[in-house]
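Below: one structure, written as structure tokens.
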There are 2 protein chains.
Amino acid sequence: MKEPAQVFTEYIAKNGLKVTPQRLRIVEVFLREDGHLTTEELYERVKKVDNTVGQATVYRTMKLLCDSGIAKEVHFGDGVARYEKKYGSEHHDHLICEACGKNLEVIDEQIELLQEQLAARHGFVLTSHRMYLYGVCDDCRGKK
Amino acid sequence: MKEPAQVFTEYIAKNGLKVTPQRLRIVEVFLREDGHLTTEELYERVKKVDNTVGQATVYRTMKLLCDSGIAKEVHFGDGVARYEKKYGSEHHDHLICEACGKNLEVIDEQIELLQEQLAARHGFVLTSHRMYLYGVCDDCRGKK
DNA sequence: CTTGTTGCAAAGGATTTGCACGGCT
DNA sequence: AGCCGTGCAAATCCTTTGCAACAAG
């Protein structure tokens with residue numbers, strides 16, 4: 001499988017765009033960090049490497065990353081966009097603790113299958129989906 | 001089953017708040033309209049009945065409607081909040097056509113059950129969830 | 001009088017955009 | 001020269017909030 005960074009580079013080339021130092025730094029930070037970072041968080045981390053990079057460039061680059069298929073924008077309910085890795089990691093859904101904010105990536109093949117079937121019953125061919133499960137985790141329920 | 005409007009009124013009373021003409025108009029418009037209206041759209045419709053109502057009041061009232069349990073905020077991906085009726089209509093998920101924007105409310109009990117089980121496997125007790133299925137509908141695929 | 005409500009305008013927060021400059025071809 | 005990319009600041013969009021006036025108990 002191709003490296004995500006390479007996928008990005010090829011996407012850039014194919015569209016007559018340019019691989020710039022800023023873009024490389026942002027991609028690098030994005031790929032290195034775990035979890036679901038906001039643009040703000042990515043911006044902070046990139047600045048540690050190069051504090052001349054502007055926030056607008058982070059916004060613009062994250063859009064490119066999404067277009068190229070290595071990133072995916074997710075929304076957890078606060079008004080902020082977050083990004084997670086898409087290329088090279090399987091699809092997953094989100095299980096979020098409403099008490100502590102903990103966020104698990106989960107997957108259930110049976111649900112995936114039923115989603116396809118449900119869509120088909122309505123005449124749809126699915127291209128993607130997003131599922132967010134909200135609840136309270138063990139720790140927050142005070143379970144020993 | 002109680003009328004949604006009554007549920008709202010009782011919620012208002014229980015919390016030491018007041019039933020005002022503005023709130024009544026907004027609830028009325030919200031309950032009358034179908035679909036998933038944005039605050040802006042609700043505001044426009046309310047203004048036709050009473051053009052003195054302010055947009056801030058619509059925002060504030062929609063929050064009350066959510067708290068009282070008769071409305072639910074949903075996000076389809078553009079940056080705008082939409083509201084749908086919650087009380088008196090069962091829970092459902094969304095099946096959205098990416099080509100024409102058509103939006104179906106769907107439900108699959110088996111998926112609902114599996115979601116509970118999936119959460120339980122991770123030590124969570126679910127309080128709610130949101131599932132958005134994106135695809136292309138029959139019409140848009142050019143099927144006869 | 002006290003408490004909650006309202007419209008307005010100002011403020012906020014996140015994201016986008018206009019622009020002049022800079023680098024590469 | 002011709003493009004694309006960049007940082008900055010200004011602009012936008014959606015939503016919230018401060019405030020003075022108001023209404024009801």
Side-chain angles (χ1 to χ4, degrees), chain A residues 8-30 36-68 71-84, chain B residues 8-30 36-68 71-84:
Chain A
F8 176 63
T9 309
E10 289 176 5
Y11 172 84
I12 291 289
K14 188 159 53 190
N15 289 79
L17 306 175
K18 292 172 185 170
V19 177
T20 67
Q22 289 92 333
R23 286 178 179 167
L24 283 178
R25 280 193 198 106
I26 294 168
V27 177
E28 182 191 315
V29 168
F30 168 68
H36 308 87
L37 297 180
T38 62
T39 317
E40 178 70 25
E41 291 164 340
L42 282 163
Y43 175 52
E44 290 304 328
R45 284 165 175 69
V46 170
K47 269 205 302 192
K48 287 183 186 163
V49 183
D50 178 353
N51 65 28
T52 72
V53 175
Q55 194 153 13
T57 301
V58 178
Y59 274 100
R60 291 189 272 232
T61 302
M62 290 318 293
K63 240 166 207 102
L64 285 179
L65 293 203
C66 289
D67 292 344
S68 74
K72 181 178 177 186
E73 190 175 324
V74 292
H75 291 267
F76 289 169
D78 47 355
V80 205
R82 286 158 210 278
Y83 295 92
E84 64 180 26
Chain B
F8 176 64
T9 309
E10 288 177 4
Y11 172 85
I12 291 289
K14 188 159 52 187
N15 290 78
L17 305 176
K18 293 172 182 169
V19 177
T20 66
Q22 288 92 332
R23 287 178 179 165
L24 284 178
R25 278 191 202 108
I26 294 168
V27 177
E28 181 191 317
V29 168
F30 169 68
H36 309 87
L37 297 180
T38 63
T39 317
E40 179 70 28
E41 291 165 340
L42 282 163
Y43 174 52
E44 290 305 327
R45 284 166 173 69
V46 170
K47 268 205 304 192
K48 287 183 186 161
V49 183
D50 177 353
N51 65 26
T52 72
V53 175
Q55 193 154 13
T57 302
V58 177
Y59 275 99
R60 291 188 274 232
T61 302
M62 290 319 292
K63 247 178 195 92
L64 286 179
L65 292 203
C66 289
D67 293 344
S68 74
K72 181 177 177 186
E73 190 175 324
V74 292
H75 292 266
F76 288 167
D78 48 353
V80 206
R82 286 157 208 280
Y83 295 93
E84 63 181 27

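In what follows, chains are A, B, ... by sequence order, proteins preceding strands, each numbered from 1.
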### Message
In this structure, how many angstroms lie between the C1' atom of dC8(C) and the CG atom of Asn51(B), rounded?
### Response
15 Å

### Message
Both Arg60(A) and Thr39(A) contact DNA chain C. Taking the nearest nucleotide for each, which residue is further toward the 5' end?
### Response
Thr39(A)

### Task
Give one of base, sugar-phosphate or nothing for Thr38(A), where a contact means two heavy atoms less than 4.0 Å apart.
nothing

### Task
Examine Tyr83(A) together with His36(A) and report whether their ring centres are nearer than 6.0 Å.
no

### Task
Nearest 0.5 Å please: distance from the CG atom of Asp67(A) over to the CG atom of Asn15(A).
8.5 Å

### Query
Rounded to whole angstroms, how far apart are CG on Leu64(B) and C1' on dT15(D)?
15 Å

### Task
Nearest whole angstrom, please: distance from the P of dT6(C) to the CG of Asp50(B).
11 Å

## Note on the structure
Asp78(B) atom CG is separated from dA14(C) atom P, nearest whole Å, by 18 Å

### Message
Could you check whether any side-chain heavy atom of Thr39(B) comes within less than 4.5 Å of a side-chain heavy atom of Val80(B), counting everything from C-beta outward?
### Response
no

### Task
Can you tell me the distance, in whole Å, between the CD atom of Glu41(B) and the P atom of dT15(D)?
11 Å

### Task
Round to a whole Å and report the spacing from CD of Glu40(B) to P of dC13(D).
11 Å

### Query
For DNA chain C, which residues in residues 12-27 of chain B have a heavy atom at a distance below 4.0 Å?
Gly16(B), Leu17(B), Lys18(B), Thr20(B), Gln22(B), Arg23(B)

### Message
Is the phosphate of dT15(D) approached by Lys63(B) (side-chain N or O, under 4.0 Å from OP1 or OP2)?
### Response
no

### Task
Specify the separation, in whole Å, of atom NE2 of His75(B) and atom P of dC14(D).
13 Å

### Summary
When rounded to the nearest 0.5 Å, the distance separating CZ of Arg25(A) from CG of Asp50(A) is 4.0 Å

### Message
Quick check on dT16(C): is either OP1 or OP2 less than 4.0 Å from any side-chain nitrogen or oxygen of Tyr59(A)?
### Response
no

### Query
Is there side-chain contact between Lys47(A) and Glu44(A), with heavy atoms separated by less than 4.5 Å?
yes

### Query
With a 4.5 Å limit on heavy-atom distance, are the side chains of Arg45(A) and Phe30(A) in contact?
no

### Atom pair distance, as rounded to whole Å: CD in Gln55(B) and P in dC14(D)
9 Å

## Note on the structure
Note: Val58(A) and Val53(A) closest approach over all heavy atoms is CG2-CG1, 4.4 Å

